[in-house]
Amino acid sequence: MQGTQQLLKVFVTRRIPQEGMRVLNQSGLCKVSLWDSDEPIPRTDLLQGVSGAHGILCLLSDRIDAEVINAAGPNLKVISTLSVGFDHLAVGEIKKRGVRVGYTPDVLTDATAELTVALLLATARRIPEGVEEVKNGGWSSWKPLWLCGYGLSGSTVGVIGLGRIGLAIARRLKPFGVKRLLYSGRTSKPQAAEVDGEFASLDRLVSESDFVVVSCSLTPETQGLCDKALFSKMKKTAVFVNTSRGAVVNQEDLHEALSSGRIAAAGLDVTTPEPLPTDHPLLKLKNCVILPHIGSATYSTRGIMAELCANNLLAGLTGSAMPSELAL
Ligand SMILES: O=CC(=O)O
């Protein structure tokens with residue numbers, strides 16, 4: 001049994017599922033300090049909390065930059081994020097200091113793909129609008145021309161970024177009768193064969209697709225990728241869906257495209273900023289369905305993510321192989 005002195009200091013920036021806390025507490029390796037709240041830690045508390053930490057377990061809403069790494073100091077060995085996305089981490093700075101990074105790919109792929117399909121269908125078939133009409137008395141009768149939307153059968157779907165999640169989305173959409181599946185990205189992918197995916201330029205993808213689904217990671221190349229120029233090439237009947245990161249989309253341009261009827265509708269699980277202010281213009285549009293970044297939010301997925309995240313952290317503390325280490 002190690003004495004308290006030798007225990008390594010771990011800082012956890014938010015309440016996480018108990019599966020993760022159990023792994024940390026039962027390891028006998030670390031002394032865990034927790035920001036014991038469901039709400040984000042204020043920056044000053046974060047900087048204070050990480051001081052002297054050997055490991056930091058963080059979320060996608062925590063910006064981990066040079067300031068945080070400096071505040072942690074020379075003990076810091078590992079940062080483990082409870083997310084597959086890592087655009088909130090200053091990887092250059094982290095690498096320079098020889099700190100290792102763990103993340104949670106694969107385990108959230110199915111949940112996120114499922115949510116994307118739900119959002120696509122909700123947006124295309126105007127489900128939130130329909131629910132609202134039932135509640136507010138707008139449902140006067142069965143009407144042939146009322147609340148019509150767009151169906152997947154016979155359609156062309158374009159997936160921007162056919163990575164793990166993009167492929168899982170494509171796999172789920174195909175059985176709805178999708179006729180053509182286009183995808184864009186840096187390179188063509190052999191695994192696209194499984195969904196009869198056709199590699200296409202971004203321009204071709206957006207001009208030929210009935211549904212445009214964004215599933216790429218946020219990088220300097222993809223920041224603001226979906227802008228006025230891109231929306232102007234889409235079909236007027238196109239349904240746009242984004243479950244990756246809000247900053248891939250220029251929201252002003254999206255608002256313009258939606259309010260002018262340039263495209264039919266959009267479903268977003270991610271926005272800039274998050275949360276989106278409740279008076280944001282996008283929230284006034286009936287043809288825009290916005291969710292609060294819940295792609296991976298199933299009980300079991302979040303539990304498995306927390307466990308993986310904790311195991312990544314422990315491996316980083318002990319200098320052993322991580323279950324999921326980010327190559328820096
Ligand atoms: O957006 C969710 C994640 O990156 O895990």
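Remember, it's 1-based here, ligands and their atoms both numbered in the order they're listed. Predicted, not measured: the structure shown is a model, and the values here were computed from it. Scope of the values below: all heavy atoms of this structure, side chains included, with no hydrogens, waters or symmetry mates.
F86 and Y103 have perpendicular rings, their planes meeting at more than 60° on a 0 to 90° scale where under 30° would count as parallel.
Comment: E325 engages R100 in a salt bridge, judged by a side-chain N to carboxylate O separation of less than 4.0 angstrom. Between R43 and E67, at least one side-chain nitrogen of the basic residue sits less than 4.0 Å from a carboxylate oxygen of the acidic one, meeting the salt-bridge criterion. Under the 4.0 Å criterion applied to side-chain N and carboxylate O atoms, K96 and E93 are assigned as salt-bridge partners. Ion pairing between a basic and an acidic side chain is recognised when a charged N comes within 4.0 Å of a carboxylate O; E133 and R126 show no such pairing.
Near ligand 1, L60, S83, V84, G85, L108, R245, H293 each place a heavy atom less than 4.0 angstrom from the ligand.
Here the closest heavy-atom approach between residue G303 and residue P17 is recorded as CA-CB, 4.1 Å.
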